[in-house]
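These figures come from a predicted structure and were not determined experimentally.
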Amino acid sequence: GSTSAQEGASANLLLLKLASDGNYQWQSTPGSAAVEKANALVQTPDSGFVLAGFTNQNGQYDMLLIKTDQYGTPLWTKTYGGSDWDFCNAMTLTGDGGFLLAGSTFSFGNGHEDAHLVKTDSDGNVQWLSSFGSTGADAALAVGQASDGGYFVSGRTANANGDDDILLIKASATGNQVWMKTFGGSASEAGHAVTPTSDGGCVVLSGTKSFSATGKQ
């Protein structure tokens, strides 16, 4: 996640390793002195780790990907973005050993904010990027690889009432849009997690205000 050494300090990356009984083993701060946050973490086949999130080390917010060894020592750092702000909210290890970052972009796409995917190889080199959305505000919050090699992406999109609906996108293995759907009621929902299922579909997890008896999410 992130840490601030003292009140008012910039948020920096923090990686904590715990034993199976929950006891502390080690910690690492593999990022830079910029404002940074990690939103996703996977362990790689070599027992190292890859963290994904965002950083403002380049003067504006960019997607961030950091590879560490098994003790949290950084091996390489990559940033991805354009002339405006770009954020990574989720990441998954892909079947070919690479990584897929999912988030939002103000640099690319069709509108003010769009859902954004960046596919890299195992060394963090970009293979392709794709943006999806409407003229309103859209963001990817979760991603999972489907059995056909494509990806399910869930997130949020602004509806006609100015609230959010669940945004669900199926993308091909090369980042092309297969289909895009929205789900929701008159108030707010957002797809915070997505898991591909054995029948080729997926399950999306969301809070809801539209269908809540209390009106709270």
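- Summarising the geometry of Gly207 relative to Glu189, their closest heavy-atom pair is O-CG, 3.4 Å, with the distance given to 0.1 Å.
- One distance of note links OG of Ser2 with CG of Leu13; it measures 8.0 Å at 0.5 Å rounding.
- Placement of Leu117 and Trp179 in two distinct hydrophobic clusters is found when ILVMFWY residues are connected by side-chain heavy-atom separations under 4.5 Å, directly or transitively.
- Proximity of Phe99 to Thr44: side-chain heavy atoms (C-beta onward) are separated by under 4.5 Å at one or more points.
- Linking ILVMFWY side-chain heavy atoms closer than 4.5 Å, directly or via other members, places Trp26 and Leu41 in a single hydrophobic cluster.
- To the nearest 0.5 Å, atom NZ of residue Lys67 and atom CG of residue Leu51 are 10.5 Å apart.
- Closest heavy-atom contact between Gln60 and Trp85: CB-CD1, 3.6 Å.
- The shortest side-chain heavy-atom distance between Thr182 and Leu167 falls under the 4.5 Å cut-off.
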(message) Using the rule given for side chain to side chain donor-acceptor pair (under 3.5 Å), can you reason through Thr157 versus Asp138, listing the C-alpha separation, both sets of side-chain angles and the distance that settles it, and then say yes or no?
(response) CA-CA 4 Å; Thr157 184; Asp138 309 282; 2.4 Å; yes
(request) Report the C-alpha distance between Leu64 and Thr79 in whole Å, list the side-chain angles of each, state the deciding distance to 0.1 Å, and finish with yes or no for side-chain contact (heavy atoms from CB on, under 4.5 Å). (result) CA-CA 5 Å; Leu64 175 68; Thr79 60; 4.0 Å; yes
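- Formation of a donor-acceptor pair under 3.5 Å by the Ser206 side chain with backbone atoms of Ala190 is found in this model.
- Taking the six-membered ring where the residue is Trp, His116 and Phe108 present parallel rings, their angle staying beneath 30° rather than reaching 60°.
- Within the model, atoms OG of Ser134 and CG of Asp114 stand 7.0 Å from one another, a figure rounded to the nearest 0.5 Å.
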(request) Start with the C-alpha distance between Ser188 and Asp164, add both sets of side-chain angles, then the distance that settles side chain to side chain donor-acceptor pair (under 3.5 Å), and finish with yes or no. (result) CA-CA 5 Å; Ser188 293; Asp164 287 334; 5.5 Å; no
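- Residue Trp76 is grouped with residue Val118 when hydrophobic side chains (ILVMFWY) are merged at heavy-atom distances under 4.5 angstrom, including chains of intermediate members.
- Under the 4.5 Å side-chain heavy-atom criterion for ILVMFWY residues, a single connected hydrophobic cluster contains both Val178 and Leu168.
- With values rounded to the nearest 0.5 angstrom, Gln70 atom CD is found 9.0 Å from Gln43 atom CD.
- When all heavy atoms are compared, the tightest approach of Ala187 to Asp165 is O-OD1, 4.1 Å.
- Looking only at side-chain heavy atoms (C-beta outward), Phe152 and Val143 stay at 4.5 Å or farther from each other.
- No donor-acceptor pair under 3.5 Å is formed between the side chain of Asn176 and the backbone N or O of Ala171.
- Under 3.5 Å, the side chains of Thr94 and Gln145 contain no donor-acceptor pair of N or O atoms.
- In the hydrophobic clustering (ILVMFWY side chains linked at under 4.5 Å, chained through shared members), Leu205 stands by itself.
- Annotation: Lys37, atom NZ; neighbour count of heavy atoms from other residues, nucleotides and ligands within 6.0 Å does not exceed 12.
- The two residues Thr68 and Pro30 come nearest to each other via the heavy atoms CG2-CB, 4.2 Å.
- Distance check, rounded to the nearest 0.5 Å: CG of Asn89 to CZ of Arg156 gives 8.0 Å.
- In the hydrophobic clustering (ILVMFWY side chains linked at under 4.5 Å, chained through shared members), Leu141 stands by itself.
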Please set out all donor-acceptor pairs under 3.5 angstrom arising from side-chain atoms of residues 122-129, sequence neighbours excluded.
| from | atom 1 | to | atom 2 | distance (Å) |
| --- | --- | --- | --- | --- |
| Asn125 | OD1 | Lys78 | NZ | 3.3 |
| Asn125 | ND2 | Asp121 | OD2 | 3.2 |
| Gln127 | OE1 | Lys119 | NZ | 2.6 |
| Trp128 | NE1 | Ala173 | O | 3.4 |

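- A donor atom on one side chain and an acceptor atom on the other are not found under 3.5 Å apart for Thr55 and Asp62.
- With hydrogens and angles ignored, the 3.5 Å screen pairs a side-chain donor or acceptor of Asn12 with a backbone N or O of Ser32.
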(request) Apply the test side-chain contact (heavy atoms from CB on, under 4.5 Å) to residues Val50 and Leu65: give CA-CA distance (whole Å), side-chain angles for both, the deciding distance (0.1 Å), then the verdict. (result) CA-CA 7 Å; Val50 170; Leu65 194 67; 3.4 Å; yes
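- Transitive grouping of hydrophobic side chains (ILVMFWY, heavy atoms separated by less than 4.5 Å) brings Tyr80 and Met91 into a common cluster.
- The two residues Ala115 and Ile169 make their nearest non-hydrogen contact at CB-CD1, 4.3 Å.
- Summarising the geometry of Ser28 relative to Gly72, their closest heavy-atom pair is OG-O, 2.6 Å, with the distance given to 0.1 Å.
- Atom CZ of Phe54 is separated from atom CE of Met63 by 11.0 Å, given to the nearest 0.5 angstrom.
- Between the Asp69 side chain and the Tyr71 main chain, a donor and an acceptor come within less than 3.5 Å of each other.
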